[in-house]
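In what follows, a structure is listed as structure tokens, so that the remarks can point back to it.
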Amino acid sequence: MDKPEIIIFDNGHTLLYEPDWNSERGNRAVFVHLAKNPDRVTVEEYAKKCSEVFGKMEEIRNIHNCDISARVVIR
């Protein structure tokens, strides 16, 4: 089995309900452990892009009554 280059955990009520869930706090905690950030993306920039992408996905879910996998496989 090949070693994965990256593992992304979905945090935010997917696997369990977390009453005090806070995406900003979670992103900041993860960002301090980044192995690479060559474009020097800030936590704020990351959060903004995530909101844009997931907003588009939510629109499609609502229009077509379907779910979209956010799974990404990097080869």
Side-chain angles (χ1 to χ4, degrees):
M1 182 171 157
D2 294 332
K3 178 181 170 186
E5 291 182 33
I6 185 171
I7 298 173
I8 299 174
F9 295 94
D10 182 3
N11 186 21
H13 307 298
T14 300
L15 301 177
L16 56 100
Y17 175 70
E18 302 161 82
D20 65 342
W21 177 76
N22 180 306
S23 63
E24 181 181 349
R25 188 177 65 218
N27 290 337
R28 289 188 184 285
V30 169
F31 250 67
V32 300
H33 298 286
L34 292 179
K36 297 177 185 176
N37 187 358
D39 295 325
R40 299 175 193 230
V41 176
T42 66
V43 175
E44 293 79 15
E45 291 168 332
Y46 173 77
K48 182 179 178 185
K49 184 52 88 174
C50 284
S51 292
E52 291 172 10
V53 169
F54 283 103
K56 289 177 186 177
M57 290 172 65
E58 187 65 22
E59 287 177 30
I60 294 169
R61 284 184 188 128
N62 292 336
I63 291 169
H64 299 287
N65 194 28
C66 66
D67 196 10
I68 300 170
S69 174
R71 181 174 177 246
V72 176
V73 176
I74 301 171
R75 298 193 190 268

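Along the sequence shown, residues are numbered consecutively beginning with 1. Computed from heavy atoms alone, side chains included, the values below leave out hydrogens, waters and symmetry copies.
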Quiz item: For Glu24, what residues pass the salt bridge (charged side-chain N to carboxylate O under 4.0 Å, His left out) criterion, not counting sequence neighbours?
Solution: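 Checked Glu24 against salt bridge (charged side-chain N to carboxylate O under 4.0 Å, His left out); matches are Arg28.
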
Quiz item: Residues in salt bridge (charged side-chain N to carboxylate O under 4.0 Å, His left out) with Lys49, at least two apart?
Solution: Glu52

Tell me every residue that passes side-chain contact (heavy atoms from CB on, under 4.5 Å) with [X], counting only those two or more places apart in sequence or in another chain.
| X | value |
| --- | --- |
| Arg25 | Asp20, Asn22 |
| Val30 | none |
| Thr42 | Glu44, Glu45 |
| Ile63 | none |

Exercise. Report yes or no: do Val43 and Val32 belong to one cluster of Ile/Leu/Val/Met/Phe/Trp/Tyr joined by side chain heavy-atom distances under 4.5 Å?
Key: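 The answer is no; the residues belong to distinct hydrophobic clusters.
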
Exercise. List the steps, then state whether side-chain contact (heavy atoms from CB on, under 4.5 Å) holds for Lys56 with Ile60.
Key: CA-CA 6 Å; Lys56 289 177 186 177; Ile60 294 169; 5.5 Å; no

Quiz prompt | Distance in Å, Tyr46 OH paired with Asn37 CG, rounded so as to fall on 0.5 Å steps | solution = 11.5 Å

Quiz item: From Ser51 OG over to Glu58 CD, what is the distance, rounded to the nearest 0.5 angstrom?
Solution: 12.0 Å

